[in-house]
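Here is how names work: the chains are called A, B, and so on, in the same order as the sequence lines, proteins then strands, and each is numbered from 1.
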Number of protein chains: 2
Amino acid sequence: MAQSKTVTENGSRESERRRTILRAAIDVFARKGYHGCRIADVAKEAGVAYGLVYHYFKNKDELLETVFDTGWSGFVTRVRAVVEGEGSLAQKVQGVVDVAFEAYRVDPRAVKVLILEIARSPAGSRINRQTAFVDAIRLSSELFAQAKEAGELREDLDPLLGSALLFGAIEMGLTAFVTGLADSRDASALERAKAQIADSFLHGVLAAASPGAEAGTWKPEKSSEKSATKSKAPKRT
Amino acid sequence: MAQSKTVTENGSRESERRRTILRAAIDVFARKGYHGCRIADVAKEAGVAYGLVYHYFKNKDELLETVFDTGWSGFVTRVRAVVEGEGSLAQKVQGVVDVAFEAYRVDPRAVKVLILEIARSPAGSRINRQTAFVDAIRLSSELFAQAKEAGELREDLDPLLGSALLFGAIEMGLTAFVTGLADSRDASALERAKAQIADSFLHGVLAAASPGAEAGTWKPEKSSEKSATKSKAPKRT
DNA sequence: GCGGCGGCTGATTGAGGAATCAACCCGCCG
DNA sequence: CGGCGGGTTGATTCCTCAATCAGCCGCCGC
């Protein structure tokens, strides 16, 4: 933690405490959830006095907000770099997936908080966190829009939807690890998941039929005709 | 708990109140979120006295729990029907997607609560809601396991992951509507999304290349070599 | 050594809200 | 007619925390 000496040490010392608290907040939020923990928990985790938390953060909400800002902005920056960089659609998609999984590898608990607490948190506090995901989706939808013009993308796919599906797949893939469905201590599992997500997203989950056959086989043939009828009166409450 | 009468009309009258409250709870939760509302809000919405809520539900948490049970069990039942029914993988995938979207069409606010409040809610109360999604994913992973044996599925895809990706795509697709990213009053948008999700999931988002060309091109060629290096020190907090 | 300043402390306060409860209304039975 | 009981009411209680604040170190300059 003392590695921050690099900068002016008086400024960094103050900052060090702040970061300690932030770190503690992430850990506690990840463990008990935002609503499930007290400021006292954060203070204890950080090993500081209760009041100090309020010296660095206006209130509990700003604490979460800050966790969000630091974590999410870093993610978005990297995604933007991928989107605006060079490469084919396939490469960029893989790049976005990699960014997400790398973030998870580096700091799983921070990712857990982002996914569980922030991305989906209902319009509680002043900044609507819903925008978070929306922004990311909008951003990468440009990727798909460009790809579509370049003819890399299927004709009938809405760029916004495509982008949403990508993030949905990534998020649920990560959620599988976050919730323990998959074993996240297994590094190779992470690697495999990473590759499979991008591949499945790009090429679909169906068996790659013998070269040539499949490519010609599938066309927008409305595979839904049967199933559409089956949903009779769902979700009565 | 004399509501076991179910059919007899004196039983139904009592139950009617209960259902009124439940309905109000769904609406209020959808509007302000579980933590963002007071029991008083639910009571007011239902047009009943504050105390009556506690006559029918042990506490606030049980209220949410009940919203969850009713909504989710219906969904899972329908998904199970699809999974255990007849048809190809493609048809079943489309079926699962249809079930989800139909549920949204019938009762968007209930779906919103399920997605926003319950599915991702951190391990707060006694029943771990995390299991909800996990169960559904496990259930439909059988689908993929079978398909894999039948050779319908790509060799290298883990059934569990495939199932997770499907739900991720569905969920994020719905989230787009829930959050207003997409216009949910546009019925045809829903229809299109439904079809595109299943199609993209099955066949991928890439343009169907000229027969032969694309199919031969792609192989597990680790397209990530470039992007892997780019994430230097991600998500520093 | 001394005063003062900024980071730091943690008991105290106050509000918000979950849960309780005593009383009320009204239909029914004796 | 009177009293019983379950559904219903909403004021009251009680408790949990977020947020405050009055003061305590320990360092630095004088």
Side-chain angles (χ1 to χ4, degrees), chain A residues 1-2 4-5 7-25 28-29 31-68 117 121-122 124-127, chain B residues 1-6 8-25 28-29 31-67 117 121-122 124-127:
Chain A
M1 302 302 172
S4 51
K5 283 298 161 61
V7 223
T8 61
E9 62 283 303
N10 95 3
S12 76
R13 186 187 206 112
E14 170 195 9
S15 211
E16 197 173 324
R17 286 298 206 146
R18 195 187 142 95
R19 252 179 290 127
T20 304
I21 293 172
L22 214 43
R23 182 70 246 165
V28 174
F29 288 169
R31 196 164 351 110
K32 326 219 289 182
Y34 178 71
H35 289 286
C37 77
R38 340 265 129 244
I39 290 289
D41 298 331
V42 175
K44 196 184 294 181
E45 175 85 18
V48 302
Y50 185 101
L52 196 61
V53 176
Y54 284 92
H55 188 246
Y56 288 108
F57 301 92
K58 199 163 90 275
N59 51 39
K60 193 185 176 187
D61 215 69
E62 192 187 277
L63 194 50
L64 183 62
E65 207 74 43
T66 307
V67 170
F68 161 73
E117 296 294 333
S121 89
S125 39
R126 47 187 222 297
I127 281 196
Chain B
M1 300 306 168
Q3 54 83 260
S4 46
K5 292 293 170 63
T6 49
T8 64
E9 65 284 299
N10 94 6
S12 79
R13 184 185 206 114
E14 171 196 9
S15 207
E16 198 173 321
R17 288 292 210 159
R18 195 187 144 96
R19 252 181 289 129
T20 304
I21 293 172
L22 213 44
R23 182 72 246 165
V28 174
F29 288 168
R31 196 164 351 110
K32 327 221 284 186
Y34 178 71
H35 291 285
C37 76
R38 336 270 126 242
I39 289 290
D41 298 331
V42 175
K44 196 184 295 179
E45 175 85 17
V48 302
Y50 186 101
L52 197 61
V53 176
Y54 284 92
H55 187 246
Y56 288 108
F57 301 92
K58 199 163 88 277
N59 52 39
K60 194 184 176 187
D61 214 69
E62 191 186 276
L63 195 49
L64 184 61
E65 205 75 43
T66 307
V67 170
E117 296 293 336
S121 89
S125 41
R126 50 189 219 298
I127 279 197

Practice prompt. Would you mind telling me which of dT9(C), dA18(D), dG10(D) lies closest to the side-chain atoms of Ala49(B)?
Written response: dG10(D)

Worksheet item: If only side-chain N and O atoms of Arg38(A) are considered, is one of them under 4.0 Å from the OP1 or OP2 phosphate oxygen of dT16(D)?
Response: no

Fill in: Pairwise distance CZ(Phe29(B)) to CG(Leu22(B)) - rounded to 0.5 angstrom
9.0 Å

Worksheet, complete the sentence: His55(B) atom NE2 is separated from dA22(C) atom C1', nearest whole Å, by 15 Å

Item to complete: Check the distance between dC21(D)'s P and Lys58(A)'s NZ and give it to me in whole angstrom.
Response: 16 Å

Worksheet item: Side-chain N or O of Tyr56(B) less than 4.0 angstrom from OP1 or OP2 on dG7(D)?
Response: no

Discussion item. Any carboxylate oxygen within less than 4.0 angstrom of a Lys/Arg side-chain nitrogen, looking at Arg23(B) and Glu45(B)?
Written reply: no

Discussion item. Any base atoms under 4.0 Å from Leu52(B), or only sugar-phosphate, or nothing? Heavy atoms, all strands.
Written reply: base

Discussion item. Ignoring hydrogens, what is the shortest heavy-atom contact between Leu63(A) and Ile39(A)? Give both atom names and the distance.
Written reply: CD2-CD1, 4.3 Å

Fill in: Integer-rounded Å distance: dG16(C) C1' and His35(A) NE2
15 Å

Practice prompt. May I have the distance from Arg18(B) (atom CZ) to dG6(D) (atom C1'), rounded to whole angstrom?
Written response: 17 Å

Worksheet item: Between atom OH in Tyr50(B) and atom P in dG17(C), what is the gap in whole Å?
Response: 10 Å

Worksheet entry | Main-chain N/O of Tyr34(B) paired to Lys60(B) side chain as donor or acceptor, under 3.5 Å | yes

Worksheet item: According to a strict under-4.0 Å criterion, is Tyr54(A) in side-chain N/O contact with OP1 or OP2 of dA19(D)?
Response: yes

Worksheet item: How many Å lie between OH on Tyr34(B) and P on dG17(C), as a whole number?
Response: 13 Å

Worksheet entry | Integer-rounded Å distance: dT20(C) C1' and Phe57(B) CZ | 18 Å

Discussion item. Rounded to whole Å, please give me the gap between CG in Asp41(B) and C1' in dG10(D).
Written reply: 16 Å

